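The block underneath contains the structure these notes are about, expressed in structure tokens.
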Amino acid sequence: MVGLGPDLYVFAKETMFQVALVVFVFGVVYRLFRFLVFWRKVVKAEARSRGAGKRIAGFFKTFLDPIIEAFKNQPLEGLVGLLALHLIGLIPLIFLMDQHIESFNEILPKIGGLSYGVLAPLSVPLGLTEAVTAVQQGLTITSSWGPLIIVLNGDVLATLALIAIGYKIGVKLMERGRGIQHIRIGDFLALILLAGIILFGFIAAHHLWSGSGYWTALGIHILLAEILLMALPFTKFWHFVFGYWYGKLHEWYDLRVTKGAT
Amino acid sequence: MEAFKKIIEMVEWEAFHKDRLETGIKRMMSRVDVVALHFLENCVSCALCKTACPYYYVDEKYSPVNKAEEARKIYRKELTFAGKILGPLVHARKPGSAEDLDRIAEFAYACTNCGACYTTCPFGIDSGVLINHVRTMLTTTGRVPTILQAFEMAELTGMYLQVPGLMQAWEETMKKAAEAIGRELPFDKEGAEIMLFPTLIDTLFTPGAVIGAIKLLDKMGADWTLPSKPLGVRPPIATVIGDTEGVKAQLGKVHEYLEKMKPKKVVLVDGGFVYPAMRWKMATVLGKRPGYKVLHLVELVYGALREGKLKLATTDDKVTWHSPCQLGRRGGVILEPEEVMRRLSNGYRPLPHHGLHTFCCGGGAGMGCMTRDMHEMMGKLLGASLYDLMGDKEKRFLDAAERRYRLSIKRKMEDIEQSGAEIVVTACPVCIHTIELGAQLYGPKVKVVHLAEYLSEHLEG
Ligand code: SF4
Ligand code: SF4
């Protein structure tokens, strides 16, 4: 029986991590295999070539256009959904926060002699207070973000992400209330899971629960993150691993490379 | 009349036939390939695509993602484990009643297949394609607009060739074209460099474009020919109702004729769905690349202007170019018309939303046919009232579809108004019809003209 406190932490960090990893790998293989099953060899029309320059420019436009369109047509969605939730929210929070870089460096294998630790110069500090103090006192800021760490720190990023999640839940609830059918239970569960991970991470990082409570909070934080890892291949989180990249590359190949749309 | 009886048998707006539904779902699922799988599975429900869609402005429920959810619900139930086990909990559900089919038809016929959602979605998800998949299922169940089913039948059976009302438009256009160039038209000439490819709809709705195209070819001194009879109503019209077998059959027939004639280039007048079907789908459907190149007339003109084979007299017209979604966004022909228009008029101005991000007019994929006027006009030409073939429910569907269609045009008209243009040049008969209707409904009072006709009015010398 796993108790709370250090027990839970060890269980999350060791046993559960192994399980999560197996489920994740199985899921990825399954999803990719599924894609292959649906692949059919077809004859394609001759492409219209507009030259390499247009294709390269088209590559960047394919990725950038939807972002530009989002900010133009739905600025709040752009700010909250793209900026606060992704670009200056979850992505740096998950991948660049000091403690996360350390943990990932420990867990992840080296690829071609490169460890996750190479991202250390891009790391963002955990707390707002230490960031402000460092900037105010003109201390040497080790992060290559310089004074930007006033924004790029765990506290601010987590707050932004939580606001974005709250906003998203609110908007989706209202849309569901108006009978919009594409809003699903899974959308809410995904957002609640993210919020849970951030909240428990925050509690642990600031030692808001003292004594063994710290280990409980950290254990829950890790467990929830492992649920996310397991859910990745089977839920909308897959967009991050595969869907986004495949989708944009396909669109680029279809519209810019083959059809020559400029 | 035999063919009309067959249409009545196929169209079914009242009942719910489980066996037809199952066949429809099978046909729909057979269209799922790796790309469609991406469209089905990788949507995150962010709704960033909604503002791209002309029908979103009619009602938010017609956003691309909300309409495509109908495809996803069926897909989840049919092809995912979670859907099979958990059903409605994970929004996996097959239509279970006549009302379900009615709702799905309402969504499926609030889409022009313009592809604006495709380029706006951060994941490159093409909801228009999924909605066309839904139409495949609907057509099999019989929830298909009579007018579109009638066109498809007329095309696939070749019946259109026997309808005097339709063929008269073709013959008159050809007669006028011959007069315009002062000689007989070179019909069915084997081995010509260029085969002009006008459709029956071109001669019905934009005869000036066909005549203009012929004048342009004549002026270029090209070695050209054209079919003595139209190779379809608007081939492959089956694409509009998601009938993939029909698309294959009609493209096959067109190819058979073209292969016999051996032109080097096939030049289209229509910049609607005929273009991507002939240019991009033909090879896939045939399973081989055809021996001829398919071009839109504007591509030919663009080349001829650059090579100095054609000269245009410059004007100061306050003119703009409306890029038909099928020619531009779906077909890739964006650069050529803009360049041709720029060369032609000192007063040319692009629309605020142009190129890949052009606003759809709201009329494509059969939406422009959903009007009482169009039914009356077509009824007269076919010699049979389309209304008499319809039940009350379909009439109600049609009236609602017409209301949506009229509202969907508004955004395009605002864009045109902002440009300050007095003339809108485009290349699709449905865009012309739709923007003309928009000008009557909302202004500005612009003149709308097909590119071929407009260019032919500005030939030098
Ligand atoms: S923009 Fe793309 S991912 Fe977002 S809801 Fe629309 S189709 Fe889905
Ligand atoms: S294809 Fe066009 S009309 Fe259809 S859903 Fe997408 S944006 Fe809307």
Side-chain angles (χ1 to χ4, degrees), chain A residues 31 34-40 42-48 50 54 61-63 65-67 69-70 72-74 77-78 81-82 168 171-172 175 178-187 190 234 236-239 242-244 246-252 254-256 258-262, chain B residues 32-39 41-52 60-61 63 65-70 72-73 82 89-91 115 118-126 276 279-284 286-290 293-294 328-335 355-357:
Chain A
R31 286 300 290 267
R34 212 173 141 72
F35 246 65
L36 287 180
V37 167
F38 280 89
W39 186 75
R40 290 176 207 151
V42 290
V43 179
K44 299 257 176 163
E46 194 186 331
R48 174 190 288 121
R50 297 213 190 266
K54 286 245 168 5
K61 279 190 189 163
T62 303
F63 280 85
D65 277 1
I67 299 174
E69 289 294 308
K72 271 204 308 213
N73 303 324
Q74 301 180 55
E77 236 350 279
L82 290 175
K168 280 279 189 191
V171 167
K172 281 181 190 292
E175 283 177 340
R178 294 199 300 270
I180 298 301
Q181 61 167 356
H182 71 88
I183 310 293
R184 297 182 289 141
I185 304 166
D187 296 340
F234 305 104
K236 58 154 66 179
F237 293 122
W238 182 241
H239 76 271
F242 185 79
Y244 177 67
Y246 173 84
K248 283 287 109 175
L249 287 176
H250 165 263
E251 185 195 328
W252 170 67
D254 176 32
L255 290 184
R256 315 281 185 161
T258 307
K259 294 181 180 158
T262 44
Chain B
V32 180
D33 59 6
V34 67
V35 176
L37 194 71
H38 160 68
F39 296 159
E41 289 193 334
N42 287 327
C43 169
V44 300
S45 266
C46 64
L48 285 176
C49 51
K50 68 185 182 186
T51 46
E60 66 170 341
K61 69 180 172 183
S63 73
V65 54
N66 210 45
K67 288 178 289 192
E69 181 66 11
E70 294 296 352
R72 294 194 173 96
K73 280 195 277 193
L89 252 186
V90 289
H91 284 222
Y118 180 31
T119 51
T120 312
C121 169
F123 305 87
I125 289 171
D126 194 335
R279 174 67 176 91
W280 300 112
K281 277 193 205 140
M282 181 73 105
T284 309
L286 296 174
K288 62 174 184 193
R289 286 184 178 174
K293 279 191 186 315
V294 176
R329 189 160 33 233
R330 291 228 184 266
V333 183
I334 291 174
L335 181 147
L356 205 58
H357 298 289

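No hydrogens, no waters, no symmetry mates; every other heavy atom, side chains included, goes into these values. Here is the naming used below: chain letters follow the sequence lines, and residue numbers restart at 1 for every chain. Everything numeric in this text was worked out from a predicted model, so none of it was measured.
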What part of [X] gets within 4.5 angstrom of chain A, counting heavy atoms only: side chain, backbone, both, or neither?
{"X": "K281(B)", "result": "neither"}
{"X": "F39(B)", "result": "side chain"}
{"X": "L335(B)", "result": "both"}
{"X": "R72(B)", "result": "neither"}
{"X": "V90(B)", "result": "backbone"}

Given that the side chain runs from C-beta out, which part of [X] has a heavy atom under 4.5 Å from chain B: side chain, backbone, both or neither?
{"X": "K54(A)", "answer": "side chain"}
{"X": "Q74(A)", "answer": "side chain"}
{"X": "T62(A)", "answer": "neither"}
{"X": "Q181(A)", "answer": "both"}
{"X": "A47(A)", "answer": "backbone"}
{"X": "K61(A)", "answer": "neither"}
{"X": "R184(A)", "answer": "both"}

Could you tell me whether [X] and [Y] make a salt bridge, using a distance below 4.0 angstrom between a side-chain N and a carboxylate O?
{"X": "K67(B)", "Y": "E70(B)", "answer": "no"}
{"X": "D126(B)", "Y": "R330(B)", "answer": "yes"}
{"X": "E175(A)", "Y": "K61(B)", "answer": "no"}

For this session: Against chain B, work out which of H239(A), R178(A), R48(A) has the most heavy-atom pairs shorter than 4.5 Å and name it.
Result: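 Of the candidates given, the most pairs with chain B belong to R48(A).
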For this session: Would you check, one step at a time, whether the test side chain to side chain donor-acceptor pair (under 3.5 Å) holds for D254(A) with H250(A)?
Result: CA-CA 6 Å; D254(A) 176 32; H250(A) 165 263; 4.7 Å; no
